[in-house]
Amino acid sequence: MLQPAIEMLGITKIFPGIIANDRVDLRVDQGEIHALLGENGAGKSTLMSILFGLYEADGGLIKIRGEEVSIRNPNDATALHIGMVHQHFKLVHNFTVTENIVLGLEPSKPWGNLDLHRAEQRVGELSRTYGLAVDPKARVEDISVGMQQRVEILKILYRDADILIFDEPTAVLTPQEIDELLNIFRRLKAEDKTIVFITHKLREIKAAADRCTILRRGKYIDTVDVAQTSEQTLAELMVGRSVSFRIEKEPPKPGAEVLQIQNLSVIGSRGVPAVQDLSLEVRSGEVVGVAGVDGNGQSELVAAIAGLLPVQSGRILLKGRDITNLPIRARNESGLGLVPEDRHRHGLVLDFALEENLILKSYDRPPYSGTGGFLNFPLIHRHAQDLIADFDIRAANGPATLAASMSGGNQQKVVIAREIDLSPDLLIVAQPTRGLDVGAIEYIHGRIIAERDKGRAVLLVSFELDEILGLCDRIAAVSKGRIVGVVDARDAQERQIGAMMGGVASA
């Protein structure tokens, strides 16, 4: 029998206050696509970080192609032909694709200068071989997120990696880009590459993986043949209980208009129109979804409502008050809550503790701030403990845990917990379940519906069409910054919404 490409046996990793990996075993065969599945904080990224040399294990051993190895840093991993594409890309945005790929291994001319032409040729050859279709001369800041991920893949292929690790590779991709990435996985497998990918998305595991290893709270649970295992079984193995894929909700009871967007036009960050003459209203007691392919104005629409982008023309009314030109703080105080698309840029202060992040919008008023402006730290601590319990936030040091040290899914839970706890009149949720496991998604969906049933107005922006169809009461499809049509979710069909997202008006 062929030796496994990867054997991780009895791997243990302990951080202060938490056992991230508790004697975990992982075996991956040569040339297979192997999924690593688990809840947020289950230890998946830690295990792969050990394999890539970002962490050293406190116990256990690693074998690569049958030989025991010591991987103390990423250079050791690279020498063993192991490469890793991280969830948050490690690219220099003002460098070209080629400059990013060869960084640290730059080919030089005889007199020592960078041989950029030879590097571009090599990058072009790799791109064609694996069907990645990347322009070697393009500047990274000018290409899509999906294309940036391809650059990361080329970086590790340029270094001759034949074991490829992907940490949440689809978390920031559109559905079309996800399909393209899974096709890339299949092409890499055909070239006898071994792939391990971390994901929460069961559909992707069924579509691409050969086998799947499940972790739960740092422990190994099982390894299964994907073709013989249902999504329901995978979900139950992951969370340790039965999970419902249906979003249970009563019919909406819409009331007065809370948000009115009137003929809104917004210029995007690149100086071109992103939102064009868009009008939409959201009433209390309903969830209105905005469906569209990434890059069709959804991000700019949310940014304009929240005050992160100026409005070129039109008006935004919140409970009848014109907030078009109000500062962000005034909008928040007027009853606007926001779960942003980019939790790192707009949702968290990564160098702050979890408990501090949970009061970012309320620290300056009672009960958290008293006479003289002094913070009530015991109350802030208890408040954080309550939300940690309510939202099942996994934090190694409890309320004192730095946001930067938490997994992406748990960071997302912190943002959602803070915004829902404020009970705003209008709750805007952009990609609310990005990076969350099925158990957390089930819970967050329930909380969004609960806010609706309390009479809140909810504006949902999501690339997940299943999420839009399941959560929303009305759906507005956008294309090229304009609303193509608004339909009642009870009558909506996936094919119909998809056509509207492509610019075809509903009949």
Side-chain angles (χ1 to χ4, degrees), residues 15-18 39-41 88 302 306-308 327-437 439-451 454 456 458 460:
F15 295 108
I18 190 169
E39 295 177 278
N40 301 120
H88 302 289
V302 170
L308 297 169
I328 293 173
R329 178 182 285 269
R331 296 179 197 228
N332 294 338
E333 292 173 349
S334 297
L336 186 151
L338 171 67
V339 176
E341 181 177 349
D342 189 333
R343 55 181 170 254
H344 283 181
R345 290 185 64 192
H346 301 128
L348 297 165
V349 180
L350 293 174
D351 291 333
F352 279 14
L354 187 164
E355 60 188 355
E356 294 166 333
N357 274 284
L358 287 170
I359 59 161
L360 283 179
K361 292 185 175 180
S362 53
Y363 70 90
D364 59 333
R365 53 185 183 267
Y368 307 116
S369 181
T371 306
F374 292 103
L375 294 175
N376 186 339
F377 282 107
L379 182 61
I380 291 168
H381 192 80
R382 290 196 298 274
H383 170 255
Q385 287 177 321
D386 290 342
L387 291 183
I388 286 170
D390 286 349
F391 286 81
D392 190 27
I393 299 168
R394 309 284 173 84
N397 293 320
T401 304
L402 282 183
S405 70
M406 300 171 66
S407 70
N410 280 295
Q411 289 174 349
Q412 183 77 347
K413 289 182 186 178
V414 172
V415 178
I416 291 171
R418 180 185 65 224
E419 299 304 312
I420 288 180
D421 181 62
L422 291 170
S423 294
D425 297 297
L426 171 67
L427 178 63
I428 302 172
V429 283
Q431 318 304 335
T433 57
R434 176 178 285 170
L436 296 184
D437 59 66
I441 289 171
E442 179 187 41
Y443 180 77
I444 295 304
H445 284 169
R447 290 301 297 251
I448 291 172
I449 294 301
E451 290 302 298
K454 291 176 187 174
R456 319 291 181 207
V458 181
L460 171 71

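Throughout, residue positions are numbered sequentially from 1 according to the sequence presented. Computed from a predicted model, the values in this text were never measured in an experiment.
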Applying side-chain contact (heavy atoms from CB on, under 4.5 Å), run through R418 and L360 and close with a yes or a no. CA-CA 8 Å; R418 180 185 65 224; L360 283 179; 3.7 Å; yes
Heavy-atom distance under 4.5 Å between the side chains of [X] and [Y], does that happen here?
{"X": "L348", "Y": "Q411", "answer": "yes"}
{"X": "V414", "Y": "Q412", "answer": "no"}
{"X": "E341", "Y": "H346", "answer": "no"}
{"X": "V415", "Y": "P340", "answer": "yes"}
{"X": "S423", "Y": "R456", "answer": "yes"}
{"X": "R329", "Y": "D364", "answer": "yes"}
{"X": "P399", "Y": "Q385", "answer": "yes"}

Derivation and outcome, side-chain contact (heavy atoms from CB on, under 4.5 Å), residues L350 and L402: CA-CA 7 Å; L350 293 174; L402 282 183; over 6 Å; no
The criterion is side chain to side chain contact (heavy atoms under 4.5 Å, CB included); which residues satisfy it with N397, sequence neighbours excluded?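 Listed in chain order: P16, T401.
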Give the minimum heavy-atom separation between [X] and [Y], together with the two atoms involved.
{"X": "N410", "Y": "R394", "result": "OD1-N, 2.7 Å"}
{"X": "D425", "Y": "S334", "result": "OD2-O, 4.0 Å"}
{"X": "I420", "Y": "E451", "result": "CG2-OE2, 3.6 Å"}
{"X": "I328", "Y": "A306", "result": "CG1-O, 3.5 Å"}
{"X": "A400", "Y": "A353", "result": "O-CB, 3.8 Å"}
{"X": "G398", "Y": "I388", "result": "C-CD1, 3.9 Å"}

Working to the nearest 0.5 Å, report the span between [atom1] of [X] and [atom2] of [Y].
{"X": "I416", "Y": "L427", "atom1": "CD1", "atom2": "CG", "value": "9.0 Å"}
{"X": "I359", "Y": "L375", "atom1": "CD1", "atom2": "CG", "value": "5.5 Å"}
{"X": "L460", "Y": "I448", "atom1": "CG", "atom2": "CD1", "value": "6.0 Å"}
{"X": "I444", "Y": "K413", "atom1": "CD1", "atom2": "NZ", "value": "7.5 Å"}
{"X": "R331", "Y": "L308", "atom1": "CZ", "atom2": "CG", "value": "8.5 Å"}

In sequence, state the C-alpha distance, the side-chain angles, and the governing distance for L354 and M406, and then conclude on side-chain contact (heavy atoms from CB on, under 4.5 Å). CA-CA 9 Å; L354 187 164; M406 300 171 66; 3.8 Å; yes
Once ring pair (Phe, Tyr, Trp, His ring centres under 6.0 Å) is applied, do any residues pair with H381, and if so which ones, sequence neighbours excluded?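 Listed in chain order: nothing, the list is empty.
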Ring pair (Phe, Tyr, Trp, His ring centres under 6.0 Å) against H383, all qualifying residues, sequence neighbours excluded: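 If we apply the ring pair (Phe, Tyr, Trp, His ring centres under 6.0 Å) test to H383, skipping adjacent residues, the hits are Y368.
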Main chain of K361, side chain of R365: is a donor-acceptor contact present, judged purely on distance under 3.5 Å?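 Yes; at least one donor-acceptor contact below 3.5 Å.
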Around atom OH of Y443, are there more than 12 heavy atoms of other residues, nucleotides or ligands at under 6.0 Å?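 Correct, the count exceeds 12.
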